[in-house]
Amino acid sequence: MKNICKGLVILCILAGVLMFFPGDVQAAKLTMKNTDSKITLKYDDRYTFKKDIEQIKTISVKSENVQTGKKDSEVLRLAEGSKNKVIASGCGKAVVELKNGKKIGVKVKAAQISLLLLIGQSNMEGSPDKLGVLEDYQNEYVVNKEGKVYSTYGPSTLSHSLTNGCFKTASPKLTIWNPYDYIPASLTDNSSINEWQRTNNLTDAVNATGKTGIDGALAKEWVKKTDEKVWLVNAAHSGSSIETWLPGKERVNNNFWQAVSLYKACEQLLNKEIEAGHYKLSHKGYFWLQGESDDKMSARKYLEKFMSMHKRLMEETGDGRGQKYKNLNKRMEFAGILMVRAHGNPADFSDLYMTGPRKAQYYMCNSSKEKFRNIYLASHISEDWVTDEGVDSYFKSRYEDIDSYYSFNNMKKTDVFMPSKVADVHQSVHYTQLGYNELGRDAAANICYALKYAKAPETETKIRLVGEDGYTDISSAVKAPDDDMSVTVKTFPAYKAKSLEVMRKDGVELDRWNVRLRSSNCFSGKVKYIVGGKSRVYTLWAENGTSTIQNIMKVPGGVKIDWKKLKKASYYKVFRREIGTKKWVCIKKTKKNNDISYTDYEAGQGTDYEYMVRAFDKYGTRGQNSLSYIAP
């Protein structure tokens with residue numbers, strides 16, 4: 001009996017101890033060591049478990065609340081209205097116990113994030129076309145997963161906040177005095193009644209408004225290629241000229257300083273988030289789509305103005321800017337240019353005409369000179385979209401079928417067709433939303449490939465050389481000695497443009513986009529362009545460099561050829577070949593420029609021949625061939 005009583009006493013004591021320390025016992029059950037499995041998330045990630053959650057136990061917290069400066073209250077929280085989805089709301093460790101008894105250890109790390117600026121005019125702002133349907137634009141943009149993409153939009157007008165920004169209430173238009181009106185208290189705080197202060201508008205969040213333009217597709221592709229998060233800052237201004245993007249000597253309320261002010265305001269918030277331990281800066285850069293308003297401006301003038309803007313933008317968002325930018329004190333890594341069109345008829349090749357802005361933009365993107373080293377070609381796919389055949393071919397080459405198209409383009413609208421004609425992607429000066437989606441995706445991918453943020457696919461390299469019309473593939477031209485010939489190099493795919501090399505320059509001078517003969521005494525010159533193992537040669541012929549065969553006749557024992565004397569020729573070469581063969585044989589090289597006749601005594605009887613004469617200048621460059629035929 002005594003033993004029984006002793007046992008009861010011991011049991012009572014143990015029960016009392018367990019009642020006194022229930023939390024400690026429970027904590028002992030939920031530790032990182034005794035979990036069934038472990039996963040790693042990044043800050044603000046969403047994760048859905050296969051079973052419902054019983055409880056979440058915070059083990060340790062390393063991050064801070066941006067607004068209070070105190071430790072975050074939790075590492076994981078249950079998503080509103082869900083029983084099995086969590087949000088990574090802090091950095092540290094936690095254990096999730098599921099209803100089936102399984103325990104999962106969760107480690108949340110700071111998320112890598114890029115801060116990208118989008119500037120230019122209406123096509124960069126995402127303006128709907130006057131021929132389009134606004135409802136289509138606002139339901140056909142690419143929707144992203146919440147927690148992966150953040151966005152801030154400073155509209156150029158009140159009306160654009162409603163159309164482009166899809167806000168139900170008009171927001172203020174962006175000025176240099178109000179950039180903080182668009183910035184929330186924290187990057188993940190989307191509780192504001194002001195829709196323009198929310199950063200989740202490009203996502204599938206319940207209160208997301210959306211945004212027309214390239215933004216959604218660009219963000220999705222950036223996340224896909226880098227496996228990181230991205231914050232897009234759109235400060236484009238519809239109808240703007242390059243003139244309004246010039247920094248000038250003083251800070252004024254123009255497009256340049258508006259964009260800089262908004263981007264810096266975003267930098268300051270991101271700096272706080274990095275200080276709090278939520279994020280780590282990955283990349284900074286900007287995308288540019290502009291030039292329609294400057295289609296009459298010369299290429300030289302546009303180039304000068306763009307570089308003035310580019311240089312100052314790099315400085316304003318670069319290093320050495322104090323504590324507010326402590327964790328963002330590095331220069332933008334790139335300027336990604338989405339090639340502008342000529343501001344003509346979108347369904348006609350005239351819209352590819354090489355206007356000043358187009359020449360200048362291609363030149364900067366192709367050039368390896370130090371001052372252009374961080375300017376890249378982000379996209380020129382819209383140049384495929386000037387005919388219905390071109391549009392149809394483009395989309396069929398990228399998407400196997402409509403299901404494949406939908407998988408790449410997650411849109412609110414579910415009955416969208418795959419584009420097959422120009423009007424489906426580019427109606428007048430503005431692109432359709434389906435066109436914007438392609439441009440955004442292509443721009444993000446090409447920059448990631450060019451800067452090696454992601455591994456580029458194995459793709460065949462192609463080089464096209466075009467003249468003033470912007471689309472005819474050329475390999476040569478005949479020009480007066482003192483004239484320039486405009487030559488633009490187009491590289492496919494776009495991300496290889498920066499690897500363009502000019503390997504040979506015989507008899508010519510290159511002045512940016514112009515090719516000219518180096519002397520009035522030159523008969524020709526050649527330039528060899530090389531990209532990725534592929535090459536193209538461009539030849540410029542002098543109009544006075546052809547020594548025309550003036551007479552060809554049979555004489556006793558042979559064939560006599562007479563040709564035109566050229567004042568600036570040093571010598572001539574005469575070639576012969578049998579009709580139907582390819583190989584030319586040099587049968588005579590003259591010693592003087594007045595040797596303008598030759599008799600071929602080795603010509604066989606009963607054989608058809610072709611003869612060719614070439615004139616050579618004192619530099620050794622030749623004129624165009626002069627051909628003539630003689631029967632046996």
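Computed from heavy atoms alone, side chains included, the values below leave out hydrogens, waters and symmetry copies.
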* Around atom CG of Asn253, are there more than 12 heavy atoms of other residues, nucleotides or ligands at under 6.0 Å? -> yes
* Asked: How long is the span from the CG atom in Leu289 to the OG atom in Ser379, to the nearest 0.5 Å?
  -> 9.0 Å
* Asked: Does the separation of the ring centres of Tyr406 and Phe408 fall below 6.0 angstrom?
  -> no
* Answer yes or no: is there an ion pair linking Asp52 with Lys85, defined by an N-O contact shorter than 4.0 Å? => no
* To do: Please step through side chain to side chain donor-acceptor pair (under 3.5 Å) for the pair Arg251 and Ser261, ending with a clear verdict.
  => CA-CA 10 Å; Arg251 185 173 179 269; Ser261 299; 2.9 Å; yes
* Quick one: which of Trp288, Trp257, Phe306 gives a ring-ring contact (aromatic ring centres under 6.0 Å, His included) with Trp245? -> Trp288
* Asked: So, Asp294 versus Ser241: side-chain donor-acceptor pair below 3.5 Å or not?
  -> yes
* Is it true that Glu54 and Lys51 make a salt bridge, defined as a side-chain N closer than 4.0 Å to a carboxylate O? -> no
* To do: Please lay out, stage by stage, how Ser122 and His430 fare under the test side chain to side chain donor-acceptor pair (under 3.5 Å).
  => CA-CA 8 Å; Ser122 55; His430 299 125; 2.8 Å; yes
* Between Thr203 and Glu146: side-chain donor-acceptor atoms closer than 3.5 Å -> no
* Asked: Looking at Lys62 and Asp72, does any basic side-chain N land under 4.0 Å from a carboxylate oxygen?
  -> no
* To do: For the pair Gln138 (side chain) and Lys211 (backbone), establish whether a donor and an acceptor sit closer than 3.5 Å, ignoring hydrogens and angles.
  => no
* Asked: Checking side chain to side chain contact (heavy atoms under 4.5 Å, CB included) against Arg312, which of His310, Met314, Glu316, Met309 comes through?
  -> Glu316
* **Glu275 with Lys272: basic N within carboxylate O range, under 4.0 Å** => no
* Asked: Using the benzene-type ring in the case of Trp, are the ring centres of Tyr286 and Tyr263 under 6.0 Å apart?
  -> no
* Charged N to carboxylate O under 4.0 angstrom, Arg46 versus Asp44? -> yes
* Is a donor on one side and an acceptor on the other found under 3.5 Å between the side chain of Lys284 and the backbone of Thr317? -> yes
* Derivation of the side chain to side chain contact (heavy atoms under 4.5 Å, CB included) call for Val96 and Leu76 -> CA-CA 9 Å; Val96 176; Leu76 294 176; 3.6 Å; yes
* **Flag if over 12 foreign heavy atoms under 6.0 Å of CD, Glu304** => no
* Asked: Between Asn234 and Tyr153, is there a donor-acceptor pair closer than 3.5 Å when you use the side chain of the first and the backbone of the second?
  -> no
* To do: Using atom types as modelled and distance alone, determine if a side-chain donor or acceptor of Glu125 lies under 3.5 Å from a backbone N or O of Ser238.
  => yes
* Determine yes or no for a side-chain-to-main-chain donor-acceptor pair under 3.5 angstrom, with Tyr43 supplying the side chain and Gln112 the backbone. => no
* If you round to the nearest 0.5 Å, how far is CG of Asn190 from CG of Leu187? -> 8.5 Å
* Establish, from distance only, whether the side-chain atoms of Asn123 and Glu292 form a donor-acceptor pair under 3.5 Å. => yes
* Short question: side chain of Asn201, backbone of Thr209 - any donor-acceptor pair under 3.5 Å? -> yes
* Gln258 vs Asn254, side chain to side chain donor-acceptor pair (under 3.5 Å): CA-CA, chis, key distance, verdict -> CA-CA 6 Å; Gln258 289 164 7; Asn254 70 359; over 6 Å; no
* To do: Please report the C-alpha distance between Leu281 and Asn327 in whole Å, then the side-chain angles of each, then the deciding distance to 0.1 Å, and finally whether the side chain to side chain contact (heavy atoms under 4.5 Å, CB included) criterion is met.
  => CA-CA 7 Å; Leu281 180 65; Asn327 297 286; 6.0 Å; no
* Asked: Aromatic ring centroids of Tyr141 and Tyr436 under 6.0 Å?
  -> no
* Does any donor atom in the side chain of Tyr302 or Gln290 lie under 3.5 Å from an acceptor atom in the other side chain? -> yes
* When you look at NZ of Lys311, are more than 12 heavy atoms from neighbouring residues, nucleotides or ligands closer to it than 6.0 Å? -> no
* Checking Asn409 side chain against Tyr405 main chain: does a donor-acceptor pair fall under 3.5 Å? -> yes
* Asked: Aromatic rings His283 and Tyr453: how do their planes relate, parallel, tilted or perpendicular, breaks at 30° and 60°?
  -> parallel
* Asked: Counting only N and O atoms by type, is there a donor-acceptor contact under 3.5 Å from the side chain of Asn374 to the main-chain atoms of Phe334?
  -> no
* **Residue Lys413 excluded, over 12 heavy atoms near NZ under 6.0 Å** => yes
* To do: Calculate, to the nearest 0.5 Å, the distance between atoms CE and NZ belonging to Met364 and Lys371 respectively.
  => 10.5 Å
* Please assess Asn446 against Leu377 for the test side chain to side chain contact (heavy atoms under 4.5 Å, CB included), listing each intermediate value before the final yes or no. => CA-CA 8 Å; Asn446 282 317; Leu377 180 60; over 6 Å; no
* Classify the angle between the aromatic ring planes of Trp222 and Phe287 as parallel (below 30°), tilted (30 to 60°) or perpendicular (above 60°). => perpendicular
* Euclidean distance, Ser186 OG relative to His278 NE2, rounded to 0.5 Å -> 8.0 Å
* To do: Check for a donor-acceptor pair, side chain of Gln121 on one end and backbone N or O of Gly291 on the other, with a separation under 3.5 Å.
  => yes
* Answer yes or no: is there a donor N or O on one side and an acceptor on the other, between the side chain of Glu74 and the main chain of Val61, under 3.5 Å? => no
* **Whether over 12 other heavy atoms sit under 6.0 Å from Lys71 NZ** => yes
* Begin from the C-alpha positions of Trp231 and Thr152 and carry the test side chain to side chain donor-acceptor pair (under 3.5 Å) through to its verdict. => CA-CA 8 Å; Trp231 186 1; Thr152 296; 3.0 Å; yes
* Could you go through the side chain to side chain contact (heavy atoms under 4.5 Å, CB included) check for Glu221 and Leu218 one step at a time? => CA-CA 5 Å; Glu221 191 68 14; Leu218 189 152; over 6 Å; no
* Should Arg398 and Asp442 count as an ion pair when the cut-off is N to O under 4.0 Å? -> no
* Structure fact -> dist Ile274:CD1 -> Tyr279:OH (nearest 0.5 Å) comes out at 10.0 Å
* Tyr182 and Gln197: side chain donor to acceptor below 3.5 Å -> no
* State plainly whether the residues Lys264 and Glu267 are in salt-bridge range, i.e. N to O under 4.0 Å. => no
* To do: Go through the side-chain N and O atoms of Ser82 and Asn84 and say whether any donor and acceptor fall under 3.5 Å apart.
  => yes
* Lys305/Glu243 under salt bridge (charged side-chain N to carboxylate O under 4.0 Å, His left out): CA gap, chis, key distance, verdict -> CA-CA 7 Å; Lys305 292 179 183 297; Glu243 301 282 359; 3.3 Å; yes
